Amino acid sequence: MFLLRLATCALIGAVMVAPAGAQGIPKGARVTNAGNAAPRIMVANPFVYAAADSVPSVQTGTSMREEMKGTVGRDFQRIEQAQMNDALKQYGYPVDAILSPALATTLAKNIQARFVVNSTMAKADGGRYTVTARLIGVSDDAGNVVMLAQNAGETPDAFGKRLVDALEPAVKSITDSKGCIDQRTAKSDKAVEAANKAIKMVPNHGLAEYCLALISGDKKAPRDEVVKHLQASTKGDPLSLPVWTALATQYQQANDTANTLLAFKQMLRVAPTNQKLREELFKYFLQSGHPETALEVADEGLKIDPYNADLYDLKSNACLFLSNFKCAVDALETMYATDSTKA
């Protein structure tokens with residue numbers, strides 16, 4: 001029963017992380033695209049929590065969009081910055097708005113992009129930034145992630161170009177990884193062949209390895225084979241909640257408590273504000289004798305990104321679960337001070 005609830009919560013998480021309709025971009029709305037029929041890719045500005053980081057975010061995002069034009073060539077159509085800004089203004093946002101990854105994905109869908117590059121940017125020691133960039137299909141369960149630290153003296157423009165260079169193999173492998181998903185049911189042999197081609201370009205390819213895990217499951221392959229592909233997928237895309245959910249399910253069915261806990265911790269990192277999910281995980285932590293696990297996840301994340309309001313939200317909820325009311329109130333107050341929109 002817990003596994004069924006967990007899978008349901010993970011699916012809900014895809015729409016609960018950032019309720020787009022309440023934030024100005026209605027789901028299902030469309031901005032007409034005339035002309036080029038090549039699949040469209042949207043590159044969003046890196047998401048930041050601190051207002052002081054907004055300028056480098058926009059500068060880095062602009063550079064990434066410009067560099068992406070050369071990377072995709074004629075196989076894909078990169079959405080121009082002017083097109084993005086027109087859509088943002090249509091939905092009541094300023095030009096060059098910085099959107100959360102979930103909200104940026106909704107924007108991408110509404111302007112008929114099939115793929116999106118979402119990023120998060122956080123300031124590390126020494127004032128330099130670290131960016132985690134993710135390329136994923138807007139309807140896919142997994143993609144590919146790169147994480148880079150800004151070099152000493154590196155401009156946002158140069159940093160953005162380097163990020164796209166790191167994503168280039170993932171861009172080039174899109175067709176093959178999608179080919180696996182598209183052919184998985186009807187032509188599984190062709191699907192496996194396509195996945196392996198993608199993995200040659202990008203080892204531990206998030207979507208391709210996930211596709212192979214699904215095929216292995218369809219064929220009732222041994223658990224070790226399914227787990228191997230899921231583990232490889234999480235290396236390529238550590239931000240995929242569906243993959244981590246599938247992996248946690250495999251661990252639970254094998255009575256592997258240690259790895260189940262590790263998977264659940266990562267699920268909280270991926271979706272810290274998914275209330276349904278965290279309630280279920282908190283119950284498991286308590287039942288397994290690890291009630292402090294959720295608090296550890298929040299504190300670990302806040303050491304890296306002290307302006308992350310979502311993690312303060314998670315911490316407050318975890319403290320409340322532990323009946324530490326002062327901790328819960330302190331975390332809420334900090335969350336409101338960090339992000340007034342959550343008040």
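What you see is a predicted model, and the numbers here were worked out from it, not measured in a lab. Both backbone and side-chain heavy atoms feed into the values below; hydrogens, waters and symmetry mates do not.
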Minimum-distance pair of heavy atoms, taken over all atoms of [X] and [Y]:
X	Y	result
Pro156	Gln150	N-NE2, 4.3 Å
Val226	Gly217	CG2-N, 4.0 Å
Gln266	Pro238	NE2-O, 3.0 Å
Ala170	Asn144	CB-CB, 3.9 Å
Pro272	Asp310	CG-CB, 3.9 Å
Ser288	Leu261	OG-CD2, 4.0 Å

Can you find a heavy atom in the side chain of [X] that is under 4.5 Å from one in the side chain of [Y]?
X	Y	value
Gln77	Ile41	no
Val131	Leu148	no
Ile215	Cys180	yes
Arg65	Asn45	yes
Thr175	Asp75	no
Arg278	Phe285	no
Phe325	Cys319	no
Val171	Val117	no

Report whether [X] and [Y] are members of the same hydrophobic cluster (ILVMFWY, side-chain heavy atoms less than 4.5 Å apart, transitive linking).
X	Y	value
Met335	Leu268	yes
Met68	Val202	no
Trp244	Leu311	yes
Met201	Ile181	no
Leu320	Leu332	no

Tell me whether [X] is salt-bridged to [Y], with the criterion being a basic N under 4.0 Å from an acidic carboxylate O.
X	Y	answer
Asp299	Lys303	no
Asp218	Arg184	yes
Asp224	Lys228	no
Arg162	Glu67	no
Asp256	Arg223	no

Passes side-chain contact (heavy atoms from CB on, under 4.5 Å), Glu209 versus Leu230? Steps please. CA-CA 7 Å; Glu209 289 286 4; Leu230 290 174; over 6 Å; no
Report yes or no: do [X] and [Y] form a side-chain donor-acceptor pair below 3.5 Å?
X	Y	answer
Asn259	Gln250	no
Glu168	Thr71	no
Ser233	Asn204	no
Arg128	Asn151	no

Show your reasoning for whether side-chain contact (heavy atoms from CB on, under 4.5 Å) applies to Leu281 and Met267. CA-CA 9 Å; Leu281 296 189; Met267 290 168 69; 4.3 Å; yes
Give the intermediate values and the outcome of salt bridge (Lys or Arg N to Asp or Glu O under 4.0 Å) for residues Asp182 and Lys190. CA-CA 10 Å; Asp182 294 342; Lys190 292 289 186 181; over 6 Å; no
Nearest 0.5 angstrom please: [X] [atom1] to [Y] [atom2], how far?
X	Y	atom1	atom2	answer
Asn324	Glu292	CG	CD	13.0 Å
Tyr91	Ile111	OH	CD1	8.5 Å
Tyr312	Leu302	OH	CG	5.0 Å
Ser54	Tyr49	OG	OH	13.0 Å
Glu333	Thr338	CD	OG1	11.5 Å
Asp141	Ile136	CG	CD1	7.5 Å

Set out, in order, the CA-CA distance, both residues' side-chain angles and the distance that settles side-chain hydrogen bond (donor to acceptor under 3.5 Å, both in side chains) for Arg40 and Gln112, then state yes or no. CA-CA 7 Å; Arg40 288 154 63 89; Gln112 300 179 37; 5.8 Å; no
Determine yes or no for a side-chain-to-main-chain donor-acceptor pair under 3.5 angstrom, with [X] supplying the side chain and [Y] the backbone.
X	Y	answer
Ser316	Ala328	yes
Asp237	Gly206	no
Asn85	Asp96	yes
Ser57	Pro46	yes
Asn317	Asp313	no
Ser63	Asp157	yes

Working for side-chain contact (heavy atoms from CB on, under 4.5 Å), residues Thr293 and Lys265: CA-CA 7 Å; Thr293 303; Lys265 287 176 71 173; 3.2 Å; yes
Under 6.0 Å from the NZ atom of Lys161, do we count more than 12 heavy atoms belonging to anything else shown? no
More than 12 foreign heavy atoms under 6.0 Å from NZ of Lys197: is that the case here? no
Take Arg78 and Glu80 through the test salt bridge (Lys or Arg N to Asp or Glu O under 4.0 Å) and record every step on the way to the result. CA-CA 6 Å; Arg78 181 220 55 177; Glu80 301 284 347; 2.3 Å; yes
Is the gap between the ring centers of Tyr129 and Phe159 under 6.0 Å? no
Begin from the C-alpha positions of Arg269 and Glu300 and carry the test salt bridge (Lys or Arg N to Asp or Glu O under 4.0 Å) through to its verdict. CA-CA 10 Å; Arg269 295 185 183 104; Glu300 288 169 5; 2.7 Å; yes
Do the rings of Phe282 and Phe321 sit parallel, tilted or perpendicular, given the 30° and 60° boundaries? tilted
Kindly indicate, with the supporting measurements, whether the criterion side-chain hydrogen bond (donor to acceptor under 3.5 Å, both in side chains) is fulfilled by Asp189 and Gln183. CA-CA 8 Å; Asp189 290 346; Gln183 299 178 91; over 6 Å; no
List the steps and the verdict of salt bridge (Lys or Arg N to Asp or Glu O under 4.0 Å) for Asp140 and Lys178. CA-CA 9 Å; Asp140 291 337; Lys178 290 287 287 183; 2.9 Å; yes
Please test Leu107 against Leu99 for side-chain contact (heavy atoms from CB on, under 4.5 Å), starting from the C-alpha separation and ending with a verdict. CA-CA 9 Å; Leu107 177 66; Leu99 306 177; 3.8 Å; yes
